[in-house]
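Each chain gets a letter, A, B and so on, in the order its sequence line appears, and its residues count up from 1. Below, each value reflects all heavy atoms present in this structure, side chains not excepted, and no hydrogens, waters or symmetry copies.
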Amino acid sequence: MTTPARTRFAPSPTGYLHIGGARTAIFAWLYARHTGGQFILRIEDTDRKRFVPDALDKIIEGLRWLKLDWDEGPDVGGPHGPYIQSQRLAKYQEAADRLVEQGHAYRCYCTPEELAEMREKQQANKEKIGYDRRCRWLTPEERAAKEAEGRSWVVRLAVPLEGSVTFNDLIRGEVTFNNEELQDAVLLKADGYPTYHLAVVVDDHDMEITHVIRGEEWISSAPLHVHLYHAFGWNLPIFAHTPSILKPSGKGKISKRALNTPDGSTIPVMLHEFPELGYLPEALFNFLSGIGWSLDDHTEIYDRETAIKHFDLKDINPGPARFPAEKLEWMNGVYIRMLSIDELVQRLIPYLSRDLGVPEEELARDERLRIIAPAIQERLKKLTDAAPLVDFIFADEIDIGDPKLLVPRKTTPEQTVDILSNIIATLEQVESWDEETLERALRGLAQEMGLKAGQVFSPIRQAVTGKKVAPPLFATLVAVGRETALQRLRDALARLQAWIQSQ
RNA sequence: GCCCCCAUCGUCUAGGGGACUAGGAUGUCAGCCUUUCAAGCUGAAGACAGGGGUUCGAAUCCCCUUGGGGGCGCCA
């Protein structure tokens, strides 16, 4: 067994959590659980301008829905709290002061306007863009003058001017940057809030994080963090930069809003959208864990216990991956089919209630739903697919549409009148209303009339469900019930006759 | 523009010098099953980006090219 790891997921409430972030969270969670360590949730809310009020709730809801539990976090507490960065400001300020005192950082008095001007000039002259470190070289007198002016300031890291930094990434191996490429990044903003760079390093150290697992967009700021760890005199954690998930088109990484797939359908990208769209959390978990990582060379469907057992950060494939949307549809269907009937019904109820306008308690009591459930189970890719498959059961009246739809292929309307009459007669006399009896009776009728089974079945389907495509016929009839089914057949017959007359 | 990361079937992946005539899955196509639609079963097509090395031997190691991704904010 590996030594217990402390990993964390640190979302920022500046927006909702997308599946790329959710996948990183899954990896961090899996590794903590695999090593028997702890998983920590930390909120990085140091950007006061971009704060989105309900983002945090949505993020937490989503993580809980995925059943990622954390051992320490804003809502559960822990020995290293608080776990919300805006409540830890004093720590960052102290840390920044310390760096300034020791000469690892300095106060910069440049205004945003001055910096913008500088960048413009750099662009115009095709120079390298970046802070020119003008405040790094200020003499004590100049500094005193700026302070006396009452100018506000930020704290910047005094990055080494020469040499290079190398750090080890568990997924990618050694990564080296020349110090010349690095910026004197801002650590503490004028409003007293830390930037990401200061806050992560201070918190990860403070919270004893052993493995920093985050998206690959952070890889280019990792050298900054390494310098910060050195400046503080702290040991480096182990880094693991997760590959990003690209749009299905492969153009750019996944961002906000639903995505268009090549076949014209759309897929959601925000974690909180998945529940309402009928995806199962265990399916999404399995699916997301399989992007950039695989259990072995042949297993696709596995539960989280199995994933925990086999997971290792070093097995993550470093290459970016497109979002394989079709595979999720398939996998969600697999998970739906693995549900017991009781569980399927339970999970279906909220969706049917929402889409059909029937109260949940009523659906829970309605045995017709339980009867039809086995018949629709293998037809569902998402829980939301159920409503259009069963709506006829709960409808007061069926719109059969064009009466011609009652007429099977290779059959005339007149013959269909005959067929329907016989069906009604047969069903009126059937001794019991169960699938087996109905099938025997209706197949017998077809044979008697010298018809193919489909010629008898399809008018029934159309009359009872109003659809060309519906769940298997006998289960459908049983679910609808004898009286309703017969009534719908009689209505259909009447409409067909009326239509023939009018021709 | 500069820096960093990456590169196996359309897509997600297995592979970490000989076990590779490159495995699985999805998607596609065909057949079977069949009352519609599914599901299921069977089968087919389908990849080591290109070029140089290293080696007896390279999908696997090195270099270059190409292509993709990311970063270059008082945003995370």
Side-chain angles (χ1 to χ4, degrees), chain A residues 10-15 44-47 49-50 108 110-112 115-116 119 123 126-131 152-156 169 171-172 175-178 180-183 185-191 193-197 199-200 214-223 241 243-244 246 248 250-253 262-263 287 290-301 317-331 333 337 375-381 385 389 408 439 442-443 446 452-458 460-462 465 467-474:
Chain A
S12 176
T14 52
E44 312 218 323
D45 59 341
T46 57
D47 185 344
K49 295 189 194 91
R50 297 196 311 161
C108 165
C110 298
T111 63
L115 293 172
R119 258 180 234 120
Q123 243 158 8
K126 302 217 155 118
E127 290 168 38
K128 211 183 248 183
I129 31 180
Y131 183 57
S152 65
W153 43 265
V154 301
V155 173
R156 284 182 186 272
D169 185 289
I171 299 174
R172 292 153 211 277
V175 180
T176 302
F177 282 79
N178 283 322
E180 299 167 28
E181 308 294 340
L182 272 28
Q183 300 279 322
V186 172
L187 300 178
L188 200 67
K189 306 180 213 178
D191 63 4
Y193 275 63
T195 60
Y196 173 81
H197 306 301
V200 248
R214 66 211 334 177
E216 71 171 326
E217 64 270 24
W218 293 112
I219 203 160
S220 38
S221 38
H241 290 95
S244 36
L246 276 31
K251 269 284 172 205
K253 61 171 189 165
D263 68 319
F287 169 75
I291 303 177
W293 179 78
S294 70
L295 189 79
D296 55 32
D297 61 353
H298 65 278
T299 309
E300 299 286 340
I301 305 296
N317 179 340
R322 298 183 190 194
F323 185 84
E326 343 71 49
K327 203 163 181 174
L328 172 59
E329 300 297 294
W330 163 76
M331 193 174 281
R337 272 171 255 136
I376 64 168
Q377 186 168 31
E378 65 204 28
R379 269 152 261 261
L380 305 176
K381 280 194 155 50
D385 294 337
L389 281 174
E439 178 159 12
L442 291 169
R443 281 192 193 281
K452 290 193 169 171
Q455 289 174 294
V456 172
F457 296 169
S458 92
I460 303 177
R461 177 176 301 113
Q462 189 66 36
T465 70
K467 299 170 198 287
K468 270 209 317 282
V469 174
L473 191 61
F474 310 112

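- Pair assignment for B/U54: none, as no Watson-Crick or G-U wobble contacts are both less than 3.5 Å.
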Please tabulate the protein-to-nucleotide N/O contacts below 3.5 Å involving nucleotides 58-66 of chain B, giving atom names and distances.
none

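- Listed by chain and residue number, nothing satisfies the salt bridge (charged side-chain N to carboxylate O under 4.0 Å, His left out) test with A/Glu326 (two or more places apart in sequence, or in another chain).
- A/Arg379 is not listed as a side-chain neighbour of A/Arg337, based on a closest heavy-atom distance of 4.5 Å or more.
- A perpendicular orientation is assigned to the rings of A/Phe457 and A/Phe474, their planes being inclined by more than 60° (bins at 30° and 60°).
- Listed by chain and number, the residues in a side chain to side chain donor-acceptor pair (under 3.5 Å) with A/Tyr193 amount to none (sequence neighbours excluded).
- Nucleotide B/G70 holds its C1' atom 13 Å from the CZ atom of A/Arg214, rounded to whole Å.
- Atom CD of A/Glu180 has 12 or fewer neighbouring heavy atoms from other residues, nucleotides or ligands inside a 6.0 Å radius.
- Scored by the salt bridge (charged side-chain N to carboxylate O under 4.0 Å, His left out) test, A/Arg443 finds A/Glu439 as partners (sequence neighbours excluded).
- Under the rule for a side chain to side chain contact (heavy atoms under 4.5 Å, CB included), A/Ser294 has no partner lying at least two apart in sequence or in another chain.
- Only the P atoms considered, B/U11 is 12 Å distant from B/A49, to the nearest whole Å.
- A gap of 29 Å separates the C1' atoms of B/C32 and B/U21, to the nearest Å.
- As the counterpart of B/C2, B/G71 is assigned, both hydrogen-bonding distances of the Watson-Crick or G-U wobble pattern falling under 3.5 Å.
- Nucleotide B/U21 forms a pair with no other nucleotide shown, judged by Watson-Crick or G-U wobble geometry with both contacts under 3.5 Å.
- The same atom, P, is picked in B/U42 and in B/G27; the two are 15 Å apart, to the nearest Å.
- B/C56 and B/G17 have their C1' atoms separated by 12 Å, with the value rounded to a whole Å.
- Atom CZ in A/Arg322 sits about 9 Å away from atom P in B/G69, given to the nearest Å.
- Scanning for side chain to side chain donor-acceptor pair (under 3.5 Å) contacts around A/Asp297 gives an empty result, with sequence neighbours left out.
- Between A/Gly292 and A/Asn178, the residue anchored nearer the 5' end of RNA chain B, judged by the nucleotide with its closest heavy atom, is A/Asn178.
- Residues meeting the side chain to side chain donor-acceptor pair (under 3.5 Å) test with A/Asn317, sequence neighbours left out: none.
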For this session: Spell out protein contact along nucleotides 71-76 of chain B as letters: B when the base is contacted, S when just the sugar-phosphate is, - when no protein heavy atom is under 4.0 Å; keep the 5' to 3' order.
Result: SS-BBB
Seminar exercise, completed: A correct 5'-to-3' footprint of nucleotides 23-39 of chain B, with B, S and - meaning base, sugar-phosphate only and no protein heavy atom under 4.0 Å, is BBBSS-------BBBBS
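- In this structure a side-chain-to-backbone donor-acceptor pair under 3.5 Å is present from A/Glu216 to A/Ser244.
- With P as the reference atom, B/C12 and B/G53 are 32 Å apart, rounded to whole Å.
- Distances were taken from every side-chain heavy atom of A/Ser294 (C-beta onward) to each of B/C12, B/C4, B/A14; the shortest belongs to B/A14.
- Legend: residues meeting salt bridge (charged side-chain N to carboxylate O under 4.0 Å, His left out) with A/Asp169, ordered by chain and number and at least two apart, are absent.
- With sequence neighbours excluded, no residue satisfies side chain to side chain donor-acceptor pair (under 3.5 Å) with A/Ser152.
- Atom P of B/G18 sits at a distance of 12 Å from the matching atom of B/U60, rounded to the whole Å.
- One atom, CG of A/Asn317, and another, C1' of B/U11, lie 13 Å apart when rounded to the nearest Å.
- As the counterpart of B/U26, B/G10 is assigned, both hydrogen-bonding distances of the Watson-Crick or G-U wobble pattern falling under 3.5 Å.
- A gap of 28 Å separates the P atoms of B/G24 and B/C6, to the nearest Å.
- A/Leu246 has its CG atom 7 Å from the P atom of B/G69, to the nearest Å.
- Separation of the P atoms belonging to B/G57 and B/U65 is 26 Å when rounded to the nearest angstrom.
- In this view, A/Lys189 satisfies the salt bridge (charged side-chain N to carboxylate O under 4.0 Å, His left out) rule with no residue, not counting sequence neighbours.
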